[in-house]
Amino acid sequence: MHRPNKILKDYKKLHHFFENGEVFTAFDTETTDISPTTGRIMELGAVKFNKDGVIGTFSKLINPGTPIPSFITNLTHITDEMVKDSPFMKDVLPSFLEFIGDTILIAHNAGFDLNFLNAECEWAGLPLTKNRCIDTLQYSRWTVPNVEKHKLDFLADTFKINKGSSHRALDDAKTCMELYRLFCHMNEDV
């Protein structure tokens with residue numbers, strides 16, 4: 001799938017977006033599989049913010065229209081029972097797209113989440129997202145290259161960020177937001 005989003009990679013300048021008052025939306029998806037051709041989004045979480053703080057949050061469980069594999073339930077603690085009465089993605093997407101607007105998206109391993117989001121847009125007959133995006137996985141590799149691992153959980157633990165419930169979309173989005181803020185602060189003088 002062609003991803004129309006531009007991933008911002010000029011890491012020396014990413015903190016300028018924050019300082020200049022840009023609005024960001026850190027987001028995360030929980031999915032039934034690792035491939036957007038065989039999996040579906042079952043939870044979507046996002047936090048919109050700028051340098052002054054949180055502007056709003058978005059959190060929805062989604063009926064993926066397919067059974068959730070047991071290994072995914074073990075990872076996320078999201079069950080078929082939890083999503084059976086939830087809306088389908090085609091019904092959630094318009095409000096999510098309105099929520100993110102033209103903000104700069106932030107995600108950890110952004111390609112994964114963007115591929116799923118745009119696949120869902122395609123299936124729903126909606127335009128693909130074209131937002132610019134910052135990948136905190138790549139930003140962490142540039143900012144703190146000597147850290148043992150660059151997984152979201154590990155980075156949160158390393159930098160004492162409250163990660164809430166890992167592998168839940170809103171909590172992971174909040175963790176991603178905090179990592180971006182931290183890395184911006186660490187790179188102020190670069």
Side-chain angles (χ1 to χ4, degrees), residues 1-31 34-36 39 41 43-58 75-76 96 99-119 121 128-190:
M1 162 190 259
H2 169 69
R3 185 176 50 246
N5 308 88
K6 178 181 180 186
I7 306 288
L8 301 172
K9 295 182 179 181
D10 190 350
Y11 302 119
K12 289 182 181 180
K13 295 182 180 176
L14 291 185
H15 68 281
H16 293 297
F17 289 111
F18 188 69
E19 292 167 3
N20 292 336
E22 288 281 349
V23 177
F24 305 90
T25 303
F27 82 105
D28 185 61
T29 61
E30 298 303 332
T31 64
I34 60 170
S35 169
I41 294 175
E43 187 178 38
L44 192 53
V47 57
K48 188 186 299 186
F49 68 100
N50 63 16
K51 68 180 180 180
D52 298 323
V54 172
I55 297 167
T57 60
F58 186 99
L75 180 68
T76 65
F96 181 72
F99 179 80
I100 66 172
D102 63 355
T103 61
I104 297 174
L105 300 177
I106 300 176
H108 201 75
N109 192 16
F112 178 88
D113 296 293
L114 289 170
N115 284 339
F116 267 93
L117 181 59
N118 282 319
C121 285
L128 303 183
T129 64
K130 294 183 178 161
N131 303 57
R132 295 173 293 164
C133 189
I134 296 168
D135 185 345
T136 53
L137 174 62
Q138 296 304 322
Y139 197 20
S140 74
R141 289 178 176 157
W142 185 81
T143 302
V144 287
N146 297 327
V147 169
E148 181 182 339
K149 298 177 196 166
H150 293 272
K151 291 184 173 193
L152 190 63
D153 279 354
F154 187 84
L155 290 168
D157 290 342
T158 300
F159 294 108
K160 310 289 188 261
I161 294 170
N162 178 357
K163 60 187 177 184
S165 296
S166 295
H167 300 290
R168 292 304 303 265
L170 182 57
D171 284 339
D172 284 355
K174 288 177 179 178
T175 300
C176 197
M177 172 188 71
E178 293 300 340
L179 278 177
Y180 174 70
R181 287 174 162 171
L182 173 69
F183 295 154
C184 283
H185 178 70
M186 293 171 83
N187 290 307
E188 283 175 344
D189 299 323
V190 175

Min side-chain heavy-atom separation [X]-[Y] under 4.5 Å:
| X | Y | value |
| --- | --- | --- |
| Ile106 | Leu179 | no |
| Asp153 | His167 | yes |
| Leu114 | Phe27 | yes |
| Phe58 | Thr25 | no |
| Lys12 | Trp142 | yes |
| Glu148 | Phe154 | yes |
| Leu155 | Thr136 | no |
| Leu128 | Lys130 | no |

Nearest-0.5 Å distance that lies between atom [atom1] in [X] and atom [atom2] in [Y]:
| X | Y | atom1 | atom2 | answer |
| --- | --- | --- | --- | --- |
| Phe183 | Phe18 | CZ | CZ | 13.5 Å |
| Thr29 | Ile41 | OG1 | CD1 | 5.0 Å |
| His15 | Met186 | NE2 | CE | 13.0 Å |
| Glu30 | Leu75 | CD | CG | 7.0 Å |
| Ile134 | Lys9 | CD1 | NZ | 13.0 Å |
| His16 | Asn187 | NE2 | CG | 10.0 Å |

Item to check | side-chain contact (heavy atoms from CB on, under 4.5 Å) between Gln138 and Tyr11, worked out | outcome: CA-CA 9 Å; Gln138 296 304 322; Tyr11 302 119; 3.0 Å; yes
On a heavy-atom basis, which atom in [X] and which in [Y] lie closest, and how many Å separate them?
| X | Y | result |
| --- | --- | --- |
| Cys176 | Ala26 | CB-CB, 4.3 Å |
| Thr175 | Ala156 | CG2-CB, 3.8 Å |
| Val147 | His150 | O-NE2, 3.6 Å |
| Thr31 | Phe112 | OG1-CZ, 3.5 Å |
| His108 | Asp113 | O-OD2, 3.7 Å |
| Ala46 | Phe99 | CB-CE2, 3.8 Å |

Checklist entry - Picking from Asp157, Asp172, Asp28, what satisfies salt bridge (Lys or Arg N to Asp or Glu O under 4.0 Å) with Lys163? => result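 Only match with Lys163 under salt bridge (Lys or Arg N to Asp or Glu O under 4.0 Å): Asp157.
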Next on the checklist: Are more than 12 heavy atoms, taken from residues, nucleotides or ligands other than Asn162, located less than 6.0 Å from that residue's CG atom?
Outcome noted: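 Counting neighbours around CG of Asn162, 12 or fewer heavy atoms of other residues, nucleotides or ligands fall under 6.0 Å, so no.
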Checklist entry - Any Lys/Arg nitrogen of Arg168 or Asp171 sitting under 4.0 Å from an Asp/Glu carboxylate oxygen of the other? => result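 No, no charged N to carboxylate O under 4.0 Å.
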Check: [Y] main-chain N/O paired with [X] side-chain donor or acceptor under 3.5 Å:
| X | Y | value |
| --- | --- | --- |
| Lys51 | Glu19 | yes |
| Asn131 | Gly101 | yes |
| Lys174 | Val47 | no |
| Asn50 | Glu22 | no |
| Asn118 | Thr129 | yes |
| Thr143 | Ser140 | no |
| Glu43 | Ala169 | yes |

Checklist entry - Do the ring planes of Tyr139 and Tyr180 sit parallel (below 30°), tilted (30 to 60°) or perpendicular (above 60°)? => result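 Answer is tilted, since the angle falls between 30° and 60°.
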